[in-house]
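This report concerns only the one structure given below.
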Amino acid sequence: MTRLPGTEPDQPAAAAPVLRDAVVGGDNIQITSARDVTINSRGIPRLPRLIAAGVVLVLCGVVAGMWPTLVDAARDLTGAPALAGTVTSRLYVTESVATRDRLPPVDHALLMRGPSFKQLVEMLSRNHAARVGKMNVVIVLQGQRSEPIRIIDVRPRVLRSGPVPAGTCLTIPAQGEGTEYKIDVNLDLQAPEGGGSRYLPKSIDLADGERVTVDFTVRAEHRWYEWDIEVVYVYKADGQPTSAFFGEADGQPFRVTGEAKKYAAVYGDPTLGAGYRAWKRNRPCHEPPKR
């Protein structure tokens, strides 16, 4: 047979490809063409998915329930105090203070000029002035753990003691306020009045963030005292009693003293628009009432 130039004999038609399912790890992959790929995922059976979701919810509940305990443990490890306290020691109307020595010239001049209340408080602090007769201290305690903290007692701790100071005496007007729990202490006795073993009337339980206020009135007649506040508390049901100590806001201890028979210098009350005045020497801080 003669073929025309440029022509070829007919070729037999190619056989159609045979398609097979390819199973890869549980997915059924069907390939119908180079541009058409379908994956039919068998997925996770319904029952195991429900079980997994339930396990996750249970774990979340366990973690949520343990979270306060975990937070407490973290606070314990970092040394954060289980009990916090804020102390306020105010000066009251007609209250007097005394120092061991006469005031230095710079502080004498400050009194003569009429100091602000802040300047007066700072001057008394650096001269270690003590309240005469009695003083009032208010402490606000706050629990800082999810587990309640039981406060067993709140009591004074004597740091130092000595004869009553007789250097300088002056009277300062100010204001204060009452509070819920009151403790009245005579440091000359060194023990709670009434024969009890503690000063606080009853134990106080504090939850996380709860607060309680204790109002101290501390008295002294025969000696001078430096003191702070000891709070005895128990943290955790099986814990041992622990003490926390609180003093003045500037880190110094509180000071209270009995009144001397006479002082080297006595300053009179400040008058309106003027400073203190040097009142008398070698005399009592307050003249005894005339009969």
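Remember, it's a predicted structure, so these values are computed and weren't measured experimentally.
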Is it true that the side chains of [X] and [Y] contain a donor and an acceptor less than 3.5 Å apart?
X: Asp153; Y: Tyr233; answer: no
X: Glu95; Y: Thr171; answer: no
X: Arg255; Y: Ser125; answer: no
X: Ser243; Y: Arg157; answer: no
X: Arg102; Y: Thr168; answer: no

With a 4.5 Å limit on heavy-atom distance, are the side chains of [X] and [Y] in contact?
X: Ile229; Y: Val214; value: no
X: Ile151; Y: Leu200; value: yes
X: Val138; Y: Phe216; value: no
X: Thr217; Y: Val185; value: no
X: Leu83; Y: Tyr235; value: no
X: Thr99; Y: Asp101; value: no
X: Glu248; Y: Ser89; value: yes
X: Gln144; Y: Pro81; value: yes

Between [X] and [Y], is there a shared hydrophobic cluster once you connect ILVMFWY residues whose side-chain heavy atoms come closer than 4.5 Å?
X: Val140; Y: Met135; answer: no
X: Val232; Y: Leu206; answer: no
X: Val87; Y: Tyr199; answer: yes
X: Val164; Y: Leu170; answer: no
X: Val137; Y: Leu159; answer: no

message = With rounding to the nearest 0.5 angstrom, report the CZ to SG distance, Arg283 to Cys169.
response =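 Spacing of CZ (Arg283) from SG (Cys169) equals 13.0 Å.
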Between CG on residue Leu120 and CG on residue Leu110, distance to nearest 0.5 Å =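 The CG atom of Leu120 sits 7.5 Å away from the CG atom of Leu110.
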key: Side-chain ion pair, Asp184 and Arg219, N-O less than 4.0 Å   =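 Result for this pair is yes, salt bridge flagged.
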request  = Decide whether a cation-pi geometry holds between Arg100 and Trp224; the criteria are a distance under 6.0 Å from NZ or CZ to the six-membered ring centre and an angle within 45° of the ring axis.
outcome  =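 Yes, Arg100 and Trp224 form such a contact.
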ask   = Is there a side chain to side chain contact (heavy atoms under 4.5 Å, CB included) between Thr257 and Tyr225 once you walk through the steps?
value = CA-CA 6 Å; Thr257 182; Tyr225 297 95; over 6 Å; no
task = Please say which of Ser203, Pro241, Pro148 ends up in a side-chain contact (heavy atoms from CB on, under 4.5 Å) with Val234.
result =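 One option only clears the test, and that one is Pro241.
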query = When you look at Lys134 and Arg131, which way does the side chain to side chain contact (heavy atoms under 4.5 Å, CB included) test go after all the steps?
reply = CA-CA 6 Å; Lys134 67 176 183 178; Arg131 315 291 175 85; over 6 Å; no
Heavy-atom closest pair, residues [X] and [Y]:
X: Asp188; Y: His222; answer: OD2-N, 3.1 Å
X: Ser197; Y: Pro192; answer: C-CG, 4.1 Å
X: Gly258; Y: Tyr263; answer: O-OH, 4.3 Å
X: Val97; Y: Leu124; answer: CG2-CD2, 3.8 Å
X: Trp227; Y: Pro156; answer: CE3-CB, 3.7 Å

ask   = With sequence neighbours left out, what residues match Asn282 under side-chain hydrogen bond (donor to acceptor under 3.5 Å, both in side chains)?
value =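 By the side-chain hydrogen bond (donor to acceptor under 3.5 Å, both in side chains) rule, Asn282 matches no residue at all.
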message = Checking Arg281 now: which residues fulfil side-chain hydrogen bond (donor to acceptor under 3.5 Å, both in side chains) with it, not counting sequence neighbours?
response =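 Listed in chain order: nothing, the list is empty.
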Would you confirm whether [X], through its side chain, and [Y], through its main-chain N or O, come within 3.5 Å as a donor-acceptor pair?
X: Asp228; Y: Phe246; result: no
X: Asp107; Y: Leu103; result: no
X: Asp250; Y: Gln252; result: yes

Verdict with reasoning, Val154 to Leu141, per side chain to side chain contact (heavy atoms under 4.5 Å, CB included) = CA-CA 10 Å; Val154 181; Leu141 302 173; 4.3 Å; yes
request  = Inspect the surroundings of CZ in Arg150 and state if more than 12 heavy atoms from other residues, nucleotides or ligands are less than 6.0 Å away.
outcome  =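 No, not enclosed.
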